[in-house]
Amino acid sequence: MSKLSIVAYTVGSLFFLVSCSFSIFYGYKVVTHHLPKEDSAVKKYNYHFVLVAEELDNEYWRLVDEGARAAAKKYDVLLEYAGPKQANLEDHLKTIEMSAAAKVDGIMTQGLSDDQFSPLINKVVAKGIPVITVDTDAANSRRQAYIGTDNYYSGFLAGKALIKDTKGKANVAIITGSFTKNHQIQRVRGFKDAVQFEKGIHIIALEESEISRVIAAEKANQIMQEHPEVNAFFGTSALDGIEIAHVVEKYKKQNQIYIIGFDTLPETIKYIRQGTIKATVVQEPYEMGYGAVEMMINIIEGKRVDPIVHTNTRIARLEDLPAVGMGGRK
Ligand code: BGC
């Protein structure tokens, strides 16, 4: 081999080696660029909680979940949002049972009835899984704590607001989410107690919507047909007031009929702005979710928690709307 070819081979091999090293180095950088160490490893959480909602697709429950999720993020908790897509007692109970079988660290759910929820809650607690009731309490169960509205008081406030706004004269029809669920029973009872000594207030109908929009509308329609004397409605769960407003507008009776509803969902706010819904009972679902996660952590860590935490509840009318954010993210 000539001297010249030896030099040429040596330079060529060196060049080959250098370019190989560069491609390995940069190739590695490209592959690893989007995989920072933390992401490639399985994330470790401090706890695993489940929030079982009455109705997953309900905007009210989405706010509870939003609050719970914010706290879960802060405290590194893995949070699952589970339950029936549309209110269904059997699915609700089954979801609690399955969460307990999965040995989660804590369950947050409603205590909808003493006969069905309390025995199950007691069984879960006996297994060593803490339970917090949210939104609706099963006060006679062994749940560790409750966070949510004082449901009797919120109904009482609605009654007082109706007396004030109708100057103590009204034929009232009530559409309630349920005849058998604790929170709905308490809201109706609070309302009845508030109006009981008012000579001019008459409760002329009491119907059940089963937490369903369609049934709430059907019941409102039926009341309009059967009770031409009706001039006020009270809807005791988030979708009832909205559907009452819908039906009352259909009859073009929004100027003659007073409506008080529950919650501050976007549609409720829309009907208040239109003047169809005159007042609503504000709840704080976001705070319920956020607070429930914090309370659950404290319970697990052996810290003292108040067994009953009542979130704020108040009446809102058109003039109060600038304070919206009501019930949602602060
Ligand atoms: C109640 C919830 C219920 C929802 C139904 C709210 O007023 O607090 O428990 O699931 O209405 O739309």
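Atoms within a ligand are numbered from 1 in the order they appear, just like the ligands themselves. Note that this is a predicted model, so its numbers are computed, not measured. Start at 1 with the first residue, then count along the sequence.
Proximity annotation for atom 12 (O) of ligand 1: of Asn58, Leu265, Ile242, Asn58 comes nearest, heavy atoms only. Taking each of Ser209, Gly261, Ala238 in turn, the one with a heavy atom nearest to atom 11 (O) of ligand 1 proves to be Ala238.
Gln110 places no side-chain N or O within donor-acceptor distance of the main-chain N or O of Asp135, the cut-off being under 3.5 Å. Proximity of a side-chain donor or acceptor of Asn122 to a complementary backbone N or O of Ser141 within less than 3.5 Å is not detected.
Results of the side chain to side chain donor-acceptor pair (under 3.5 Å) test with Arg187 over Asn182, Thr236, Asn151 single out Asn151 as the only residue that passes.
Atom numbering of ligand 1 starts at 1 in the shown order; those under 4.0 Å from a heavy atom of Ser237 are 7 (O), 11 (O). Near Leu239, meaning under 4.0 Å from any of its heavy atoms, are these atoms of ligand 1: 12 (O).
Using a 30° and 60° split on the angle between ring planes, Phe234 and Phe262 fall in the tilted class, from 30° to 60°.
Heavy-atom neighbours of Glu90 CD from other residues, nucleotides or ligands within 6.0 Å: at or below the threshold of 12.
Counting only heavy atoms of the protein, atom 9 (O) of ligand 1 lies nearest to Asp135 OD2, 2.7 Å. Of the protein's heavy atoms, Asp263 OD2, 3.2 Å lies nearest to atom 6 (C) of ligand 1. Protein heavy atom closest to atom 3 (C) of ligand 1, with residue, atom name and distance, is Glu54 OE1, 3.4 Å.
Classification of Asp165 and Arg317 as a salt-bridged pair holds, one side-chain N sitting under 4.0 Å from a carboxylate O.
Note on ligand 1: Gln110 sits in its first shell, one or more heavy atoms being nearer than 4.0 Å.
Neither the backbone nor the side chain of Glu55 has any atom closer than 4.0 Å to an atom of ligand 1 (non-hydrogen atoms only).
The N/O atoms of Thr236, backbone and side chain alike, include none that comes under 3.5 Å of an N/O atom in ligand 1. Considering backbone and side-chain atoms together, Arg187 places an N or O closer than 3.5 Å to an N or O of ligand 1. For ligand 1, one of its N or O atoms has an N or O atom of Trp61 under 3.5 Å away.
Side chain to side chain, Tyr290 and Glu284 fail the donor-acceptor criterion of an N or O pair below 3.5 Å.
In this structure, the separation between CD on Glu198 and NZ on Lys167 is 13.5 Å, given to the nearest 0.5 Å.
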